[in-house]
Amino acid sequence: MDYDALREGMGSAVPFNNHIGLQIIELGPGTATVRLPDEEGLRNHVGTQHAAGLFAAAEAASGGAFVGAFAERMGEIRPLASNAEIAYTKLAKGPIDARAELAGAAELLERLDTDGKVSFPVEVTLTDGEGVTVATATVQWHVRKNA
């Protein structure tokens, strides 16, 4: 699988993510890292990264991890994020990296083949430039085979 081409394609697939400048830094089988840039227009009233930007980065990273795991099957499925939770643990200053990991992709693909659908969580950790965790998130994905 050409994950670099997949990363580039995902980079232009979601207009909102482009609007706020999210960058897909890394994409692999079941993993993705998305960077939220440090721009004045993305900050909140106290001068740190806005919660909405952090959430968008987490959701985008979770989608990247999902796409990396299901890359061979993307033409035959319809994915939707169905639920998400985020915990903001520190003030987020500077560029923020959202790193997502999807475990157990082989079993998920088996359930998709058996049941025609599958739901699963993707865990995301958001860190600042010094590697300090500023937030954690879980995004629940629902994937269904095309009719």
Inset, instruction - Indicate yes or no for a side-chain donor-acceptor contact from Tyr88 to the backbone of Ala51 under 3.5 Å, with no hydrogens or angles considered. - result: yes
Legend entry - Test item: Thr127 side-chain N/O and Thr133 main-chain N/O as donor-acceptor pair under 3.5 Å: no
Please round to the nearest 0.5 Å and tell me the distance separating atom [atom1] of [X] and atom [atom2] of [Y].
X     : Y      : atom1 : atom2 : result
Lys93 : Glu130 : NZ    : CD    : 10.0 Å
Leu54 : Thr136 : CG    : OG1   : 11.5 Å
Leu80 : Gln140 : CG    : CD    : 12.5 Å
Asp97 : Arg35  : CG    : CZ    : 4.0 Å
Gln49 : Leu91  : CD    : CG    : 11.5 Å
Arg99 : Leu126 : CZ    : CG    : 12.5 Å

If you group Ile, Leu, Val, Met, Phe, Trp and Tyr by side-chain heavy-atom gaps below 4.5 Å, do [X] and [Y] land in one group?
X      : Y     : answer
Val132 : Val46 : no
Ile25  : Leu22 : no
Val122 : Tyr3  : yes

Inset, instruction - List the steps, then state whether side chain to side chain contact (heavy atoms under 4.5 Å, CB included) holds for Val143 with Lys117. - result: CA-CA 5 Å; Val143 178; Lys117 61 183 178 180; over 6 Å; no
Legend entry - Trp141 and its side chain to side chain contact (heavy atoms under 4.5 Å, CB included) partner, picked from Pro121, Ser119, Ser62: Ser62
Does atom [atom1] ([X]) have a neighbourhood of more than 12 heavy atoms from anything else shown, all under 6.0 Å?
X     : atom1 : answer
Glu76 : CD    : yes
Glu85 : CD    : no
Arg78 : CZ    : no

For a quick test of reading the model, state the closest non-hydrogen atom pair linking [X] to [Y] and the distance between them.
X     : Y      : value
Ala98 : Ala57  : CB-O, 3.6 Å
Met10 : Gly64  : CE-CA, 3.6 Å
Ala92 : Ile96  : CB-CD1, 3.9 Å
Ala69 : Ala105 : CB-CB, 3.7 Å
Ala58 : Ile86  : CB-CD1, 4.4 Å
Gly21 : Pro37  : O-CD, 3.4 Å

Is there a side-chain contact between [X] and [Y] (heavy atoms, below 4.5 Å)?
X      : Y      : result
Leu108 : Leu102 : yes
Glu59  : Val34  : no
Leu6   : Val67  : yes
Val124 : Phe55  : no

Inset, instruction - Kindly state whether the ring of Phe70 and the ring of Phe120 have centres lying under 6.0 angstrom apart. - result: yes
Legend entry - Electrostatic pair Asp113:Lys145 at N-O distance under 4.0 angstrom: yes
Legend entry - Arg43 bridged to Asp38 by N-O distance under 4.0 Å: yes
Inset, instruction - Start with the C-alpha gap between Ile20 and Leu42, add the side-chain angles, then the distance that decides, and say whether side chain to side chain contact (heavy atoms under 4.5 Å, CB included) holds. - result: CA-CA 7 Å; Ile20 65 170; Leu42 299 176; 3.9 Å; yes
Inset, instruction - Assess the side chains of Thr31 and Glu26: does a donor N or O sit below 3.5 Å from an acceptor N or O? - result: yes
